[in-house]
Amino acid sequence: MAQTYDFRSVERKWQQRWEERALYRAPDDDGREKYYVLEMLPYPSGDLHVGHAKNYSIGDAVARMHRMLGFNVLHPMGWDAFGLPAENAAIARGIDPNVWTRENIANMQRQIRLMGTSYDWSREITTCDPAYYRWNQWLFLRLYERGLAYKREAPVNWCPHDRTVLANEQVIDGACWRCGHAVERRNLSQWFLKITDYADRLLDDIDELDGWPERTKTMQRNWIGRSTGAQFAFAVEHSDRKIGVFTTRVDTVYGATYLAIAPEHPLVTHIVTDKQRNAVEQFVESLRSKSELERTSLMEKAGVFTGAYAVNPLSHERVPIWVTNYVLAEYGTGAVMGVPAHDERDFDFARKHGLPIAQVVVEPGSDLETPLAAAFVTDGRLIASGDFTGMSSERARSAITERLHALGAGEATKNFRLRDWLVSRQRYWGTPIPIVYCDRDGEVAVPDDQLPVRLPANVPITGEGSPLARDADFINTTCPKCGGPATRESDTMDTFFESSWYYLRYIDPSNEHVPWSAEKVAQWAPVDQYIGGAEHAVLHLLYSRFFYKFFHDQGWVAGPNEPFTRLFHQGFVLYNGEKMSKSHGNVVGIDETAETNGVDAMRLFLLYVTPPEDTGDWTDEGISGRVRFINRVWRACEPFLERAGKTSLADLPPVETPAEKELLRAVHVAAKSAMDETGSRRFHYNATIAKFDEYVNALTTLEQNAPDSVAVAYAVHALPVLIAPFAPHIADELWERMGHARSVHLEPYLRPDERALALDELTLVVQVNGKIRARLQVAPGISEEAALELALAQGGVQAQMDGKHLRKRIFVPDKLLNLVAN
RNA sequence: GGGGAAAUGGCGGAACGGUAGACGCAGCCGCCUCAAAAGCGGCCGGGCAAAACUCGUGUGGGUUCAAAUCCCACUUUCCCCACCA
């Protein structure tokens, strides 16, 4: 009587054993080729559910495959431990954020171990450890020294609910990415990182990211948003002031009939006439409190005439200056020339306010002015444009730009949608920004030997104002330069700062002298395969690329200047078609699943239910299919273990019957699938696992008909090797019971053997005019002539060929014969 | 408004120019059992009692000896950006 498989005790046993033996340590100096596979580090929110488990199941399968293929695999794990939820727990329940975070980490670490994942825990990092955030501060100071970290007052995104500012990337549809509240605009003095200095390189280098999903690259391109054009100035009439404008359509400059400036434009108060002052001030005031969302997508175009006029530097025409709600202060120069004939927005605005519409570009070939029902926005031929009349738009753009340059009025330039990264946060649970303010010396960097600036404990967190600003012991300090009294910066860093470089710290996690040693990084970086959610396309993934390019410029990393060679976005997991959420009480947790189904079955199901990049639906019926599979594997192997262990996997066993050959073929088809899905980086292990189903079905069948066959023993022996990356516990248990002393995870993966994949007999499809009329069972390598002879003997083929003349034959060896006849 | 991805049985999906629907889930029939569960065997796109035949991969065209697969247009869904001049 076969024993039933007790997944609970087996899974527990192997998790302990692997850890005792440090089976997944990645040694630094090693002759093998390196492979760095990384899953995005989790925020320790409390409990893991099967959605997290999907991410780790993919990464772990990839890591285990590569280990068995002979690579030295670096597969680390850590904790993105600073952030607002810890602080909100403190506000709501009076728990110390540090205690809350540490408890969550302990629990989630237990759960990740419970999954039997192959992480090298000796490299674990926790970003809220002073030993980690010290290097955050150190890196901030290096950015500061090079002018890439700076403080300035600017209109910023303010979330009234989370009571902090947000980076542009963290505002989604005008709302806070974390809590969903509408974001307000405030003028505040804040720390920024000058990511815009890297805008060109961040954009251009996307072309070389062959291993990244197209949509992610497109999102980054859109987000960076480079536009090339010209910047030039209109002189303000009766004044020595000038208003700069940026345009991508300088060919339409003769069609400018007004100037539109942003309400925050610094010249507004200077140029407005006394008569218009009241109206303009009211208009500006009405917009000041509006959120970005209200000011842009939701509002109609509006504006007020300033009373002032500007002079077009080329046509010398006099045009009115309007303050409008549709020009952004933060982009370009904060002012645009209004060309209603050739810009949809300007057309709208001109219609509404009765401004003239002057067409200066016409359809090429027609050369006739057409009455405009809408803006004519495509390129064409210039009319009424002085010396430039008759030129194509394209030629005019360079000619006009040259003229503006010659006149000293302007030049070719480019603008980016990307803004500098706002990294200050008015919150407690983050890395303190290592700057002090001194009455005598101003802004002073904390010297390296005084790092880390420690985050004080026991700070009251009420949700009102910046907690650190109220902590006198923390705030009051002495100036590192003059020794006089000084105050510390009370803001902390955006948590995306620490996650922009953590992948390098895993390489050298306990270095106390530098964030990482250049030699070790040269050995391991960049990350070969990165796995994580698509929601970070313009957040973490953009910031990390910026940091890595900076590190590269400093000579701290060598080789490619991109941190992640290949990127894979896993899909979500739904439960019965619905999004899992705590409030709906429909979260499928890892603990319950491990207890009721086992983690091997859970991992197999997560990989099997859909291709990994797609959204998968967790159902109780679905997981039971994989539980059945695990049990089938056990029952198919258990009675044959002793014999199986004595067979050799180094070569194919001698077999005779078609059923035996079929089983060997099923073994090697599965091996080939696992190899192909790994090598192609498609990771469609759903297809591989389906091949395991066929493998075990074929094995079970042969066991019933010919239990003594050497093919049975061979197939049983090979099974744990092949499923090890996907169901690691049962694999090692079977392997051990076969008499092997060493873990199956140290074995080489079984390479598919062409001889086993070859068929003795195959189906050759016979088509007449592209329609299937017969299927022939033939030996491989059958000649075209022999196939034709057999085909013409088929009744179905004869019926179709009757009375027709064979005009052409298409023969695909071992696949099909198509007879074209009429 | 601009851009990206996708559409295959009751469901998830397989097939990456050459046998559509592998594999699994659900369902139906049978075996085993006193019975149930588990397990095992069979059926499972539509039309037909069945075979033959025929229709069939969102819709319409095209390329090809041959299209789920390549191209064009449309429809729908999802995602991203969105007054960026």
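So that the names make sense, note that chain A is the first sequence line, chain B the second, and so on, each numbered from 1.
Distance from the side chain of A/Ile810 is smallest for B/rC65 among the nucleotides B/rC65, B/rA85, B/rA22. The A/Ile772 side chain lies nearest to B/rA20 when the options are B/rA20, B/rA14, B/rA26. Taking every side-chain heavy atom of A/Arg773 into account, B/rU54 is the closest of B/rA85, B/rU54, B/rC81. Of the candidate nucleotides B/rC81, B/rC23, B/rG4, B/rC23 has the atom nearest to the side chain of A/Glu694. The side chain of A/Arg628 has B/rA26 as its nearest neighbour among B/rG4, B/rC83, B/rA26. Among the nucleotides B/rG18, B/rA85, B/rG24, the one closest to any side-chain atom of A/Thr247 is B/rA85. For A/Ser624, the listed nucleotide lying nearest its side chain is B/rA26; candidates were B/rA22, B/rC83, B/rA26. For A/Pro611, taking side-chain heavy atoms from C-beta onward, the closest of the listed nucleotides B/rG13, B/rG39, B/rG4 is B/rG13. In this structure, the nucleotide among B/rG24, B/rG12, B/rC65 sitting nearest to the side chain of A/Asn818 is B/rC65. Side-chain proximity of A/Trp223 to B/rC81, B/rG18, B/rG12: nearest is B/rC81.
Put simply, the residue from A/Val327, A/Thr333, A/Ile321 that forms a side chain to side chain contact (heavy atoms under 4.5 Å, CB included) with A/Ile261 is A/Ile321.
Here A/Gln800 contributes atom CD and A/Arg773 contributes atom CZ; the two are 3.5 Å apart, rounded to the nearest 0.5 Å.
Judged by atom type and distance alone, A/Lys301 reaches the base of B/rC83 through a side-chain donor-acceptor pair under 3.5 Å.
Counting any heavy atom pair closer than 4.0 Å across all strands shown, A/Arg221 reaches no nucleic acid atom.
RNA chain B is contacted by both A/Ala302 and A/Gly770; A/Gly770 maps to the nucleotide lying nearer its 5′ end (nearest heavy atom per residue).
In the model, A/Glu613 has a side-chain atom that pairs as donor or acceptor with a side-chain atom of A/His684 under 3.5 Å. For the 3.5 Å distance criterion, the side chains of A/Ser673 and A/Tyr685 fail to qualify, holding no donor opposite an acceptor.
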